[in-house]
**Student:** 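Starting off with a structure, shown below.
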There are 2 protein chains.
Amino acid sequence: MLQKKTKYAIKALLALAKHYGEHRPLKTSEISKNEKIPRKFLEAIMLDLKKIGYVNSQMGARGGYVLIKHPEEVMLSNIIRSTGGPIALLPCVSLNFYEPCKECVSEEVCGLRDVILEVREASIKILSKTSLADILRRENKLLKKHTLH
Amino acid sequence: MLQKKTKYAIKALLALAKHYGEHRPLKTSEISKNEKIPRKFLEAIMLDLKKIGYVNSQMGARGGYVLIKHPEEVMLSNIIRSTGGPIALLPCVSLNFYEPCKECVSEEVCGLRDVILEVREASIKILSKTSLADILRRENKLLKKHTLH
DNA sequence: TAAATATACTACTAATTTGGTAGGAATTAA
DNA sequence: TTAATTCCTACCAAATTAGTAGTATATTTA
């Protein structure tokens with residue numbers, strides 16, 4: 001499961017992506033209100049996103065955050081990895097959160113690891129080709145579909 | 001990430017699967033030693049596996065556990081679901097651990113959920129077609145490959 | 001029948017992680 | 001100069017995880 005932090009980060013980035021190109025930065029209080037994310041928690045998350053390099057901030061009155069990467073270039077897999085936890089189901093197949101499996105005699109000969117590796121690859125295949133822009137497009141598609149009925 | 005409990009359960013079931021058909025039950029102390037799983041923890045896990053219906057137990061001296069389902073019929077997806085946690089990355093796409101997403105205005109129109117749904121389906125596709133027997137076969141394959149070099 | 005050996009059961013516990021909150025300093029616009 | 005905002009440090013409570021301890025109960029075997 002993804003952490004709430006990760007989910008909030010994605011939602012916040014999506015909010016910023018919607019306003020990409022505009023000059024007005026978005027305040028955490030706005031995002032917090034619209035996306036229903038606890039304000040103080042969101043503040044901490046935004047600082048992380050800044051450190052990672054996804055967003056820029058403007059301090060002081062009329063300040064806020066803007067997305068600096070192009071929405072087509074911010075991939076879900078990268079957001080997950082850099083804000084939260086691993087995508088893999090076991091540490092022994094995780095690239096970024098790797099830990100050897102103490103119980104295994106040999107990782108190369110572990111049948112379970114072999115399957116879990118396959119699952120990871122299937123997940124990453126999807127997550128690493130999906131950008132913020134893709135998600136917004138999906139949202140529009142779903143909205144059209146939904147309002148037709 | 002899978003819980004240790006789940007990983008241990010899978011390892012224990014694999015150990016039993018290797019002896020499927022034999023009449024001698026396996027003791028938790030044996031499994032614990034071979035698979036390097038803490039004994040007391042394993043005892044608790046075996047009780048769970050019994051409740052779930054995967055194994056049968058024999059009390060007393062010369063007792064232990066046997067697998068009662070055929071190794072071809074015990075699927076990884078089911079083990080994970082019944083011993084541990086969800087497979088999905090978000091509660092809003094989990095079948096067995098579903099929880100509505102408070103932040104979402106409408107689940108049907110959530111672009112993020114749409115992607116995560118796809119990831120879940122890809123994962124389940126693999127996990128639900130992989131049985132204990134499959135894992136053992138993979139292990140043999142890997143072993144051959146590995147010892148050739 | 002007694003001793004040895006297992007599972008079954010009940011009740012804790014310790015460490016870690018998660019999901020925050022509180023309060024104020026620094027910065028900027030009006 | 002004041003109001004609004006990000007930035008920073010420190011803390012905290014609840015839940016979860018990964019176990020452990022101790023004992024009751026059942027079964028085999030000598």
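Remember, predicted model here, so these are calculated numbers, not experimental data. Just so we're on the same page: letters track the sequence lines, and every chain starts at 1.
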**Student:** Once you round it to whole Å, what is the distance between P of C:dG20 and NZ of A:Lys5?
**Tutor:** 12 Å
**Student:** Would you mind telling me which of D:dG19, D:dC7, C:dT7 lies closest to the side-chain atoms of A:Leu47?
**Tutor:** D:dC7
**Student:** Within residues 10-39 of chain B, which residues have any heavy atom lying less than 4.0 Å from an atom of DNA chain C?
**Tutor:** B:Lys27, B:Thr28
**Student:** Expressed in angstrom and rounded to an integer, what is the separation of A:Asn56 atom CG from D:dT5 atom C1'?
**Tutor:** 15 Å
**Student:** Does D:dT17 have its OP1 or OP2 closer than 4.0 Å to a side-chain nitrogen or oxygen of B:Tyr8?
**Tutor:** no
**Student:** May I have the distance from A:Lys50 (atom NZ) to C:dT27 (atom P), rounded to whole angstrom?
**Tutor:** 11 Å
**Student:** Nearest whole angstrom, please: distance from the P of C:dT7 to the CG of B:Asp48.
**Tutor:** 15 Å
**Student:** Roughly, in whole Å, what's the span from CD in B:Gln3 to C1' in D:dG19?
**Tutor:** 12 Å
**Student:** NZ of B:Lys4 versus P of C:dA14: gap in Å, rounded?
**Tutor:** 20 Å
**Student:** If I take atom CG in residue A:Leu2 and atom C1' in nucleotide C:dG19, what distance separates them, rounded to the nearest angstrom?
**Tutor:** 15 Å
**Student:** Atom CD1 of B:Ile45 to atom C1' of D:dA18: distance rounded to whole Å?
**Tutor:** 9 Å
**Student:** Nucleotide by nucleotide, 5' to 3', does protein get under 4.0 Å of the base (B), only the sugar-phosphate (S), or neither (-) in nucleotides 23-30 of chain D, counting heavy atoms?
**Tutor:** --BBBSS-
